[in-house]
Amino acid sequence: MSDLESFRAETRAWLEANCPAEMREPAQGEDDAYWGGRNATFQSEAQKAWFEACRDKGYTVPAWPREYGGAGLSPPEAKILREEMARINARSPLSSFGIWMLGPALLKFGTEEQKRKYLNEIARGEIRWCQGYSEPGSGSDLVSLQTFGEDKGDHWVVNGQKIWTSYADKADWIFCLVRTDKTNKYQGITFMLFDMASPGVSTKPILLISGNSPFCETFFDDVKVPKDQFVGEINRGWDVAKYLLGHEREMISGADNSERGAGIGAMLKRQAGEMDPVLRAELAMFDVDALAFSAMGEKFLDEVKVGKAHPAQPNMMKYAGTELNKRRHELVMAAGGSAALEWDSEESRGGSAARSWLRTKANSIEGGTSEVMLNVIAKRILELPGA
Amino acid sequence: MSDLESFRAETRAWLEANCPAEMREPAQGEDDAYWGGRNATFQSEAQKAWFEACRDKGYTVPAWPREYGGAGLSPPEAKILREEMARINARSPLSSFGIWMLGPALLKFGTEEQKRKYLNEIARGEIRWCQGYSEPGSGSDLVSLQTFGEDKGDHWVVNGQKIWTSYADKADWIFCLVRTDKTNKYQGITFMLFDMASPGVSTKPILLISGNSPFCETFFDDVKVPKDQFVGEINRGWDVAKYLLGHEREMISGADNSERGAGIGAMLKRQAGEMDPVLRAELAMFDVDALAFSAMGEKFLDEVKVGKAHPAQPNMMKYAGTELNKRRHELVMAAGGSAALEWDSEESRGGSAARSWLRTKANSIEGGTSEVMLNVIAKRILELPGA
Amino acid sequence: MPLYHDDDQTMLADTASQFMAEEGAIAKQLRHWRDRECKDGFGHALWKQMAEMGFTGILVPEADGGLGMGHVEAGIVLEEIGRNLTPSPFLTSSVIAASALGQASDDLRGRYLPGLIAGDSVFAVAIDEGAKHRPERIATRAEKSGNGFRLSGRKDFVVQGASADMIVVAARTSGAEDDADGVTLFAVPKDAAGLDHDAVRLVDSSMASHLTLDGVELDGDAVIGEVDGGREVLSRMIDAGRVGAAAEGVGVARGAMAMTVDYLKQRKQFGKLIGEFQALQHRAAHLYSEVEIARAVTIKAQQLLDAGAQNASLMASVAKAKVGKAASLAVKEGVQMHGGIGMTDEYDIGLYMKRDRALAEFLGDAHYHAGRVAELSGY
Amino acid sequence: MPLYHDDDQTMLADTASQFMAEEGAIAKQLRHWRDRECKDGFGHALWKQMAEMGFTGILVPEADGGLGMGHVEAGIVLEEIGRNLTPSPFLTSSVIAASALGQASDDLRGRYLPGLIAGDSVFAVAIDEGAKHRPERIATRAEKSGNGFRLSGRKDFVVQGASADMIVVAARTSGAEDDADGVTLFAVPKDAAGLDHDAVRLVDSSMASHLTLDGVELDGDAVIGEVDGGREVLSRMIDAGRVGAAAEGVGVARGAMAMTVDYLKQRKQFGKLIGEFQALQHRAAHLYSEVEIARAVTIKAQQLLDAGAQNASLMASVAKAKVGKAASLAVKEGVQMHGGIGMTDEYDIGLYMKRDRALAEFLGDAHYHAGRVAELSGY
């Protein structure tokens with residue numbers, strides 16, 4: 001038996017022993033996820049047991065080095081773990097912006113000390129992080145951000161407002177872009193870290209057109225941040241941010257590919273019974289696009305694996321995937337007719353169709369608007385002038 | 001009987017007496033039109049008789065003053081004449097860029113002497129004109145034209161190249177935009193008139209993707225133009241050109257409205273028999289757009305009549321109408337299948353479907369591209385900044 | 001008739017525009033009632049004010065105490081309703097039910113029209129059975145019972161049904177589910193025994209009922225039009241409703257577009273007003289073109305309806321379909337061009353998207369009507 | 001299998017790309033033969049060269065003297081053909097007819113494949129009856145006659161039919177017009193008595209025949225596959241053709257797009273390169289996205305076909321439909337963005353539009369295939 005084969009056998013046995021049956025059921029929503037943090041509570045004993053088993057094994061962040069709380073798995077090993085977890089539908093033990101976003105930034109830009117401290121806290125689910133990038137005045141044009149950290153010698157005093165900070169009201173710490181030099185647009189931003197319990201930090205949840213959301217507005221009113229709480233270099237936070245944005249876009253473009261790539265005509269026909277012939281035709285055209293995009297997703301991931309994908313290709317995937325998803329939900333609404341309009345009835349599961357439809361409208365805005373994606377394709381892939 | 005009622009009765013009687021039966025049959029193509037000019041020949045005795053009757057009555061240009069060769073009809077009288085001609089399907093007695101384009105320019109900008117000479121020649125079909133605006137390097141950006149007239153005291157020496165000059169190979173004279181001041185972009189163009197028989201003028205017909213066309217490339221090689229052959233003021237030809245462009249755009253947007261506004265699904269079903277359900281759905285969506293646009297055309301013309309239309313509205317009509325027409329012909333091709341692909345067979349009437357389809361692709365280019373139309377709508381109607 | 005508003009109509013438009021912008025404004029009506037989870041989904045006081053303006057009886061003949069105007073005028077009011085997203089019973093009561101009552105007996109007219117004109121009554125219409133609009137098929141049965149009828153069946157998407165004093169119900173007095181003949185319209189009073197509303201809130205905060213008719217007993221004089229011959233009244237009523245919904249949709253589209261174009265002139269990104277970006281300019285210009293065309297065909301359909309023209313029903317479908325597409329484009333472009341804030345409940349653009357969706361579905365969406373255009377055209 | 005070309009395939013792509021760009025270039029082939037009104041619509045010398053490259057027998061098993069490669073490899077050649085608009089018998093002969101011959105008897109294979117591989121023979125296929133592709137229905141009849149069959153009927157859109165040495169004809173040996181069973185494929189030699197071509201030039205300068213079979217007598221050994229059981233061979237052959245046409249369409253789309261993007265970088269208007277205008281940038285970027293997706297699903301369909309997967313036929317329709325839409329967008333944007341000169345015969349962009357139209361129609365257009373996707377998906 002090769003090393004990898006024996007690793008697979010071990011992993012399978014470990015999962016069999018440690019992943020409770022309940023944790024092999026599909027999650028019913030975001031609430032079913034465990035997010036960790038100071039105030040975390042478990043939904044169930046099973047959730048607790050599964051999280052703790054993974055934490056102790058380093059499996060909340062299997063590919064991170066052991067000294068930072070990971071399991072130090074090699075890429076093929078990590079892939080085997082993913083496959084084996086998928087095989088039994090094991091849920092993710094810990095959802096965390098620390099794992100998805102801050103972690104990769106620290107691994108690349110952090111000091112050894114920062115890595116030891118923050119990565120371990122993240123891996124062990126002790127600190128829940130949120131991200132402070134967007135501001136009301138700087139959406140697509142992120143670098144125009146205004147939140148300002150005034151240099152007070154050993155600390156900054158931060159004032160300003162962030163928006164779209166997911167779960168800011170539940171997070172313990174924030175990683176945050178703060179302007180520290182007003183004279184230099186790109187090289188005047190610092191990637192700061194600070195405690196959300198600091199005096200002067202307040203949050204307000206954002207109600208979306210689709211209803212409640214994890215998003216918040218976050219206000220900083222004379223927040224003191226010690227001068228050692230930053231990643232990378234002072235005034236060079238944009239490098240860190242850009243790195244993470246690329247990371248995020250890739251995640252978004254790869255995510256949900258399975259759902260997005262599937263046809264919907266047959267499902268809607270089953271639900272709706274009869275169907276207007278013109279709607280059927282639109283569904284057929286949609287299914288063509290969806291099935292084709294599914295092949296594109298497969299091709300993209302295959303190419304990413306071997307480094308054949310154009311570095312700007314995630315922008316194209318994000319653009320096409322999100323536009324497709326919006327169309328998908330328009331058609332679901334059309335097929336659902338007046339029943340799909342219901343907003344809070346029990347039969348409509350609390351307006352699930354309508355709320356999902358509305359929620360998808362943000363797909364082409366968050367993580368880079370479709371317009372920005374098209375700009376990037378024009379510039380970096382087609383190399384059009386002045387783009 | 002009111003004056004207008006008696007005018008209608010007289011007109012009807014005159015038409016009855018003077019419009020030969022053959023001239024009440026629909027024209028089969030552009031060749032059936034009489035264009036006049038030095039080398040004109042009539043297709044038939046009827047065509048000649050009809051033209052001459054109209055010419056003598058001033059009905060080639062009914063609304064022009066009598067002293068310029070018209071009939072001096074008032075707007076309501078001109079409308080009655082149009083209605084009565086339409087009633088018996090009378091053909092136009094004379095097709096002419098002189099009537100459609102140069103005439104209006106002269107009426108607005110010409111000297112009394114020019115009007116007497118040129119308008120009479122146009123009205124009597126003695127001189128056939130062509131238009132020299134576009135150049136290979138200046139399409140949408142017409143004002144960047146390079147054809148240059150060097151001032152030689154009593155004459156200019158013109159050098160350069162025009163493109164898309166319709167019937168340049170058949171025209172007697174040309175009205176032409178020529179740069180006369182290289183230092184002033186807008187106020188450095190003169191609206192010149194000259195004889196196509198002048199030494200140094202040559203033309204070359206343009207073959208289109210749809211086949212033969214009336215368009216030519218026209219070359220000027222040291223063409224001498226006397227200094228009194230211009231309209232408006234020297235270096236102020238752009239004012240004349242702009243006026244004419246607006247005129248042209250209105251003509252294009254109003255033209256063919258009847259054909260463009262009709263649904264096509266029923267006709268194509270009759271021709272094709274059975275139909276793919278997805279194609280049927282697309283035809284249904286098209287027919288919705290076509291019938292709606294037909295109402296728009298009606299509304300636009302009604303509003304133009306009473307001065308209620310936004311002055312930039314012709315741009316919107318041109319944009320929407322030409323894009324619709326392109327879609328119409330895509331669908332005609334789809335419904336026609338492989339039979340519509342035939343290029344020169346007798347059964348396909350010399351590839352009529354395919355050639356018409358290809359020809360429509362120019363609709364959204366000639367007379368102002370769709371992109372320019374959208375720019376104008378954004379700027380002048382929506383008043384968007386920097387548009 | 002020229003396809004623009006004459007002087008009287010322009011005056012009406014000015015009046016309606018001012019009234020709706022003031023009294024029917026989003027903050028004052030839609031958000032107000034929505035945030036209070038109002039069970040009607042609209043304000044009765046506004047309805048009373050609309051009566052004072054004369055709007056409620058706009059389509060009611062002068063002989064019956066109304067203004068005796070046409071669908072062009074009703075459309076003028078509806079466009080302003082749409083632009084302000086004003087929730088009111090105008091479309092169902094003053095356009096659709098009023099259209100049916102126009103064909104009703106003196107007795108029914110006398111019973112119901114004064115309350116409508118005064119803004120005291122609200123009417124609803126019960127046509128759909130199932131989640132999609134398919135008025136060709138009516139399964140709800142009305143059986144002879146003594147001098148009257150006994151109605152049983154189920155109706156869906158009865159907008160403002162639970163708030164209505166009377167509901168116009170399409171039922172089958174003979175024939176099979178999809179027969180053209182055998183349909184009869186009934187004016188069913190709210191207190192009729194056996195009438196049960198399951199009222200649900202829709203995405204646009206309006207209320208609609210799943211209506212159960214469980215042996216509802218009605219007198220013979222509750223019949224609107226002829227027994228077994230209600231298809232024509234029904235069709236006319238539905239056409240009026242479709243053209244009315246199209247007019248409201250034009251208002252929704254124009255309102256969303258105006259908000260968006262304004263935003264393009266204010267929002268800065270990358271050191272420029274976003275309205276300076278040519279890609280957005282072209283999309284906005286295209287949208288303008290689509291909305292203008294939708295408006296033109298809607299006015300055309302109104303005029304044809306008023307003239308009783310043969311192709312009015314075809315053009316009603318063209319208008320409903322074209323507005324469906326144009327308004328959907330307007331709200332989608334609106335939210336996208338607003339970016340993140342367009343997704344927040346705090347901004348109004350999302351409310352346009354919600355209203356558009358409910359309106360698009362009402363009396364048939366663009367797919368349904370495009371299909372109907374094909375059928376009526378013979379393919 | 002990963003959805004990109006492996007090293008061997010990449011090498012083949014380089015070879016094919018270089019060969020077609022040199023030998024198959026527009027000026028050298030398409031314009032050359034078109035301007036001479038060539039009755040074949042392609043050059044036999046090039047076909048011979050393609051044989052020397054090994055392309056002609058790319059799908060023919062090694063046992064039969066071919067390269068024994070798959071549809072991925074055939075698609076690589078077709079994409080380069082498409083990009084250069086190279087007229088050749090490759091799609092009909094080496095892909096479609098070869099696919100049918102793969103199912104044929106040793107005798108037929110021996111009779112026809114060597115000529116194909118050598119570039120000496122050209123084959124055509126006769127499927128359609130009528131102007132639209134509807135292979136579900138076959139009316140051409142083949143009646144038993146002695147040891148063989150007697151074929152009568154009419155076929156349309158037989159591409160390169162009059163130039164072909166052999167035509168694969170789908171005919172009905174039993175059953176009614178739209179029965180699935182009862183279809184038989186025949187290899188009909190060009191000199192068969194009763195075969196009559198009405199050859200017409202198409203918009204893309206290719207030649208196609210209206211074929212009349214007037215009691216064409218064939219031996220029993222002209223049957224490809226089983227008598228009455230030809231539907232499966234036919235389907236496989238058609239799927240191969242559809243995926244092949246999709247690959248060629250991807251080439252057409254990419255060729256048109258490349259020309260257009262180049263033009264955007266050269267043409268100046270209003271003092272700027274037109275590629276600087278954001279509205280055009282966004283349209284070009286959208287086009288890029290569509291063409292990439294079309295290419296991905298085409299490669300997917302090729303792989304599924306090679307694997308004999310169950311959903312290969314579905315994915316063939318997805319690919320044909322998606323490419324149909326993407327390539328149509330590419331040529332339309334191409335002509336529009338070129339402006340006036342795009343309308344002239346002198347520039348090549350219009351040739352892409354013409355070829356795209358003919359290719360889109362061949363073996364079913366996007367409407368047909370979207371409908372087929374719906375049917376195969378069960379709605």
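Every chain is numbered from 1 and lettered A, B, ... according to where its sequence line falls, protein lines coming before strand lines.
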B:Ser370 versus D:Gln336, side-chain donor and acceptor atoms under 3.5 Å: no
Looking only at heavy atoms, the pair that brings B:Ser338 and D:Gly130 closest together is OG-O, 4.1 Å
Nearest-0.5 Å distance, CE of residue D:Met343 to OG of residue B:Ser213: 9.0 Å
Chain D contact via B:Ala354 - side chain, backbone, both or neither, heavy atoms under 4.5 Å: side chain
Distance col, row D:Thr344:OG1 vs B:Glu217:CD, nearest 0.5 angstrom, shows 8.5 Å
When rounded to the nearest 0.5 Å, the distance separating CD1 of D:Ile274 from CD of B:Glu371 is 8.5 Å
Measure B:Leu358 against the heavy atoms of chain D and call it side chain, backbone, both or neither at under 4.5 Å. both
Side chains of D:Leu202 and B:Trp343: closer than 4.5 Å at any heavy-atom pair? no
Distance check, rounded to the nearest 0.5 Å: D:Phe277 atom CZ versus B:Asn375 atom CG? 7.5 Å
Heavy-atom side-chain contact between D:His210 and B:Glu342 under 4.5 Å: yes
Please report the interatomic distance CD1(B:Ile209) to CD(D:Glu346), rounded to the nearest 0.5 Å. 13.5 Å
Out of B:Ser134, B:Ser140, B:Ala281, B:Pro277, which one racks up the most heavy-atom pairs below 4.5 Å with chain D? B:Ser140
Measure distances from D:Gln269 to the heavy atoms of chain B and classify the residue's part below 4.5 Å as side chain, backbone, both or neither. both
Quick one: closest heavy-atom pair of D:Glu361 and B:Met333, and the distance? OE1-O, 4.3 Å
Less than 4.5 Å apart, any side-chain heavy atom of B:Asp276 and any of D:Asp365? yes
Please state whether the side chain, the backbone, both or neither of B:Ala335 comes within less than 4.5 Å of a heavy atom of chain D. backbone
Are D:Asp204 and B:Leu341 side-chain neighbours, meaning at least one heavy-atom pair lies under 4.5 Å? no
Distance (rounded to the nearest 0.5 Å) between B:Ser210 OG and D:Lys354 NZ: 7.5 Å
The interface call for D:Arg372 against chain B, heavy-atom contacts under 4.5 Å, is neither
For D:Lys332 and B:Glu330, the nearest pair of non-hydrogen atoms, with its separation, is CD-OE2, 3.6 Å
Side chain / backbone / both / neither for B:Glu274 at chain D, heavy atoms under 4.5 Å: both
Any non-hydrogen side-chain atom of B:Leu279 less than 4.5 Å from a side-chain atom of D:Tyr368? no
